[in-house]
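Right, one structure below, let's go through it.
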Number of protein chains: 2
Amino acid sequence: MKNRIRIERAILNITQAELAERVQVSRQTINAIEAGKYSPTLALGMKIAAQFEKTVNEIFELEEED
Amino acid sequence: MKNRIRIERAILNITQAELAERVQVSRQTINAIEAGKYSPTLALGMKIAAQFEKTVNEIFELEEED
DNA sequence: ATAAAATGTAAATTAAATTTTACATTTATT
DNA sequence: AATAAATGTAAAATTTAATTTACATTTTAT
């Protein structure tokens, strides 16, 4: 699962910790998702996309292994 | 988490079992997600939306409790 | 160059998604 | 009306997401 979280965070100029707080998860969870370590739940993915005022499909992209 | 899976299945005229097979999960998983019992992983949500040739945000909608 | 902030990571635990098996109920077909 | 197909559901087991704590490394600010 590829994603544009790092880029969108840079645009908003917020840290992983700040994003984590906004979507109510731990900083490590944001770090892991941003690094593509696993697929978040759909609810979390939608909340993250909403923070960036983008759709899920604009932020996340499926890969073969998913 | 609300969703339009039932409607989109009707449009495609496919069963829960058929959808399950297409996205490689069990029929019970599709049944539970369609009934809104829990939030699927983002990867699964994206695969389901892709089957209907729609974006995730067109198929799923966040609710307060999510 | 130093200190502070941010990010990366890892192990152990908890919470939640998904599978499997199995059966009951509802809906469609003949 | 009878049969088959589809859907609903439930418990137990497994897998995966997410938390917590803790520390190491990298980046940014002074």
Side-chain angles (χ1 to χ4, degrees):
Chain A
M1 177 75 70
K2 280 172 64 178
N3 71 83
R4 292 172 42 84
I5 295 175
R6 173 154 308 185
I7 294 162
E8 299 294 335
R9 272 201 309 108
I11 293 171
L12 282 194
N13 193 33
I14 60 174
T15 67
Q16 292 181 344
E18 169 67 17
L19 177 57
E21 190 183 2
R22 291 194 191 187
V23 299
Q24 305 264 69
V25 293
S26 72
R27 177 181 68 81
Q28 286 80 348
T29 294
I30 295 297
N31 185 277
I33 292 166
E34 185 169 313
K37 292 190 180 161
Y38 51 69
S39 177
T41 54
L42 179 57
L44 179 51
M46 292 183 78
K47 286 179 199 167
I48 291 171
Q51 284 300 319
F52 302 138
E53 297 179 350
K54 294 271 169 67
T55 65
V56 167
N57 294 77
E58 286 171 327
I59 303 298
F60 297 94
E61 187 181 355
L62 276 178
E63 294 181 295
E64 300 71 32
E65 72 245 35
D66 292 313
Chain B
M1 179 74 72
K2 281 172 62 178
N3 72 81
R4 293 173 43 85
I5 295 174
R6 173 152 309 189
I7 294 162
E8 298 295 335
R9 272 202 309 109
I11 293 171
L12 281 193
N13 192 32
I14 61 174
T15 67
Q16 292 180 344
E18 169 68 17
L19 177 57
E21 191 182 3
R22 290 195 192 186
V23 299
Q24 305 265 71
V25 294
S26 71
R27 177 182 68 81
Q28 287 80 348
T29 294
I30 296 297
N31 184 277
I33 292 167
E34 184 169 314
K37 291 188 181 163
Y38 50 72
S39 176
T41 54
L42 180 57
L44 179 51
M46 293 183 78
K47 286 180 200 167
I48 291 171
Q51 285 300 317
F52 302 138
E53 297 180 351
K54 293 272 169 66
T55 66
V56 166
N57 294 76
E58 286 171 327
I59 302 298
F60 296 94
E61 186 182 354
L62 275 179
E63 293 181 296
E64 301 72 32
E65 71 246 34
D66 292 315

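In this text the structure is predicted, and so the values were computed from the model without any measurement.
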Would a distance-only check, ignoring hydrogens and angles, find a side-chain to backbone donor-acceptor pair under 3.5 Å from A:Asn3 to A:Ile33? yes

Heavy atoms under 4.0 Å, any strand shown: does A:Thr15 hit a base, just sugar-phosphate, or nothing? sugar-phosphate

Short side-chain N/O contact to C:dG8 OP1/OP2 from A:Gln16, under 4.0 Å: yes

Quick tally for nucleotides 21-30 of chain C: nucleotides whose base has a protein heavy atom under 4.0 Å get B, sugar-phosphate-only ones S, the rest -, giving BB--------

Using Watson-Crick and G-U wobble pairs with both distances under 3.5 Å, what is the 5'-to-3' dot-bracket string of DNA chain C, with [ ] for crossing pairs and | for pairs outside the strand? ||||||||||||||||||||||||||||||

Identify, residue by residue, the members of residues 35-53 of chain A with a heavy atom below 4.0 Å from DNA chain D, and return them in order of residue number, or none. A:Tyr38, A:Ser39, A:Pro40, A:Thr41, A:Leu44

N/O (side chain, A:Thr29) to phosphate O (OP1/OP2, D:dT19) under 4.0 Å: yes

Check: B:Leu44 and B:Thr29 side chains under 4.5 Å, non-hydrogen atoms: yes

Just to confirm, is there a sub-4.0 Å distance from OP1 or OP2 of D:dT7 to any side-chain nitrogen or oxygen of B:Asn31? no

Side chain to side chain contact (heavy atoms under 4.5 Å, CB included) against B:Glu18, all qualifying residues, sequence neighbours excluded: B:Ile14, B:Thr15, B:Glu21, B:Arg22

Can you see which heavy atom on B:Leu42 is nearest to which on A:Gly45, and at what distance? CD2-CA, 4.3 Å

Test: salt bridge (charged side-chain N to carboxylate O under 4.0 Å, His left out). Region: residues 48-66 of chain A. Which pairs qualify, not counting sequence neighbours? A:Glu8-A:Lys54

Check each residue of residues 2-12 of chain B for a non-hydrogen atom within less than 4.0 Å of any atom in DNA chain D, then write out the ones that pass by number, or none. B:Arg6, B:Arg9

Identify the two heavy atoms, one from A:Met1 and one from A:Ser39, that lie closest to each other, and give their separation to 0.1 Å. CE-OG, 3.9 Å

